[in-house]
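Comments concern the structure below.
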Amino acid sequence: MSAKKLKRSFYNRPTLDVAAEIIGKFIVFNTPSGKLSARIVEVEAYIGQDDPACHASRGLTKRNRPMFGPAGFTYVYFIYGMYHCLNFVTEPKDSPAAILLRAAEPVEGCDRMLQAAGKPSSTGLLSGPGKFCRAFGFTTEQNELDLTGDLIYIENRNVEVSNIQRSQRVGIREGRDLLWRFYDADSTAVSKPR
DNA sequence: TGAATGATGCGCT
DNA sequence: GCGCATCATTCAT
């Protein structure tokens, strides 16, 4: 069975459902120098104004605007003066929510990812949101792009994931009680806990 | 092998 | 000014 690009209807649903199902899917980025792709193994959900860790918890701002838009778009932000984080917007317009891509396994274009990351080996190459964006070359130039287009999208390649687990989210101060981190417990590419 | 820390820039109060 | 959905390095045990 061939790969199928996920449609807007996949993203336009309750965020926890999308987060659980996005594990094991493949993110594709068609760059001028060729295709980059990776198998998603770890994500986190950030949902609505009532989630204290969500950027939308203090209302609409210039930065978090993509979260308030329709599902199926990217939300990329700059953090700690040197890293970027890639999110997928979920749920309908005016229902701010997104999924943070935290870790993946390199599939296509591994050589170019290694070069971009300045690393000799692929171990841990995409194991962390900042490391993933550095290797893929994601910056705010890729903010608010349509995931149903041909530049950036997610594919279902019909690879089974049998051991999806949940845990607390990483790197936040408030909202730690929520088990909104999803990961493939059989993957060695999952990011290391602090 | 675990804890502390520095790097570094921008959005928001 | 402060704090941040991070990470690599340094230092202590």
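By convention in this document, chain letters (A, B, ...) are assigned in the order of the sequence lines, proteins followed by strands, and residues within each chain are numbered from 1.
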*List DNA chain B stems (3 or more consecutive Watson-Crick/G-U pairs, under 3.5 Å)?*
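Stem list for DNA chain B: B:1-7 with C:6-12, B:9-12 with C:1-4.
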
*Face-on cation placement of A:Arg13 at A:Tyr11 ring, 6.0 Å and 45° thresholds*: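 No, A:Arg13 does not lie over the aromatic ring of A:Tyr11.
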
_Charged tip of A:Arg134 within 45° of A:Phe132 ring normal and under 6.0 Å_ =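 No cation-pi geometry.
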
Roughly how many Å is it from [atom1] in [X] to [atom2] in [N], rounded to a whole number?
X        : N      : atom1 : atom2 : answer
A:Gln168 : C:dA5  : CD    : C1'   : 14 Å
A:Met82  : B:dC10 : CE    : C1'   : 13 Å
A:Phe78  : B:dT8  : CZ    : C1'   : 7 Å
A:Leu100 : C:dC4  : CG    : C1'   : 13 Å
A:Asn143 : B:dG11 : CG    : P     : 12 Å
A:Asn64  : C:dC4  : CG    : P     : 16 Å
A:Glu42  : C:dT6  : CD    : C1'   : 13 Å
A:Arg58  : C:dG3  : CZ    : C1'   : 10 Å

*Does a distance-only test, which skips hydrogens and angles, find a donor-acceptor pair under 3.5 Å between the side chain of A:Tyr80 and the base of B:dA7?*
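Between B:dA7 and A:Tyr80, which were checked side chain against base, a qualifying N/O pair under 3.5 Å is absent.
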
*For the residue pair A:Gln115 and A:Cys110, establish whether any side-chain heavy-atom pair is separated by less than 4.5 Å.*
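In short, these two side chains do not touch, never coming nearer than 4.5 Å.
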
*With A:His84 as reference, evaluate A:Phe138, A:Phe136, A:Phe78 under the ring-ring contact (aromatic ring centres under 6.0 Å, His included) test and give the passing residue.*
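Exactly one option meets the ring-ring contact (aromatic ring centres under 6.0 Å, His included) with A:His84, and it is A:Phe78.
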
*For A:Tyr46 and C:dA5, is the gap between ring centres under 5.5 Å while the planes differ by less than 30°?*
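Here A:Tyr46 meets both the 5.5 Å and the 30° conditions.
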
*A:Tyr83 on top of C:dT6's base, within under 5.5 Å and under 30°?*
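The base of C:dT6 is not stacked with A:Tyr83 (the test needs centres under 5.5 Å and planes under 30°).
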
*Give a yes-or-no answer on whether the side chains of A:Thr74 and A:Gln142 include a donor-acceptor pair shorter than 3.5 Å.*
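No donor-acceptor contact under 3.5 Å links the two side chains.
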
*Donor on one side chain, acceptor on other, A:Glu105 and A:Ser187, under 3.5 Å*: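 On atom types as modelled, these side chains qualify, holding a pair under 3.5 Å.
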
Counting the atoms with a prime plus P, OP1 and OP2 as sugar-phosphate, which does [X] contact under 4.0 Å by heavy atoms, base, sugar-phosphate, or nothing?
X        : value
A:Arg176 : nothing
A:Gly81  : base
A:Arg169 : nothing

Identify every side-chain donor-acceptor pair in residues 50-59 of chain A under 3.5 Å, counting partners at least two apart or on other chains, and give the distances.
| unit_1 | atom_1 | unit_2 | atom_2 | d |
| --- | --- | --- | --- | --- |
| A:Asp51 | OD1 | A:Ala53 | N | 3.0 |
| A:Asp51 | OD1 | A:Arg169 | NH2 | 3.0 |
| A:Asp51 | OD2 | A:Ile47 | N | 3.2 |
| A:Asp51 | OD2 | A:Arg169 | NH1 | 2.8 |
| A:His55 | ND1 | A:Tyr75 | OH | 2.8 |
| A:Ser57 | OG | A:Cys54 | O | 2.9 |

*Under 4.0 Å between a side-chain N or O of A:Thr61 and OP1 or OP2 of B:dC12?*
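Yes, because at least one side-chain N or O of A:Thr61 sits under 4.0 Å from OP1 or OP2 of B:dC12.
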
*Starting from the 5' end of DNA chain C, give me the residue, A:Arg173 or A:Arg134, whose nearest nucleotide shows up first.*
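Upstream on the strand: A:Arg173.
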
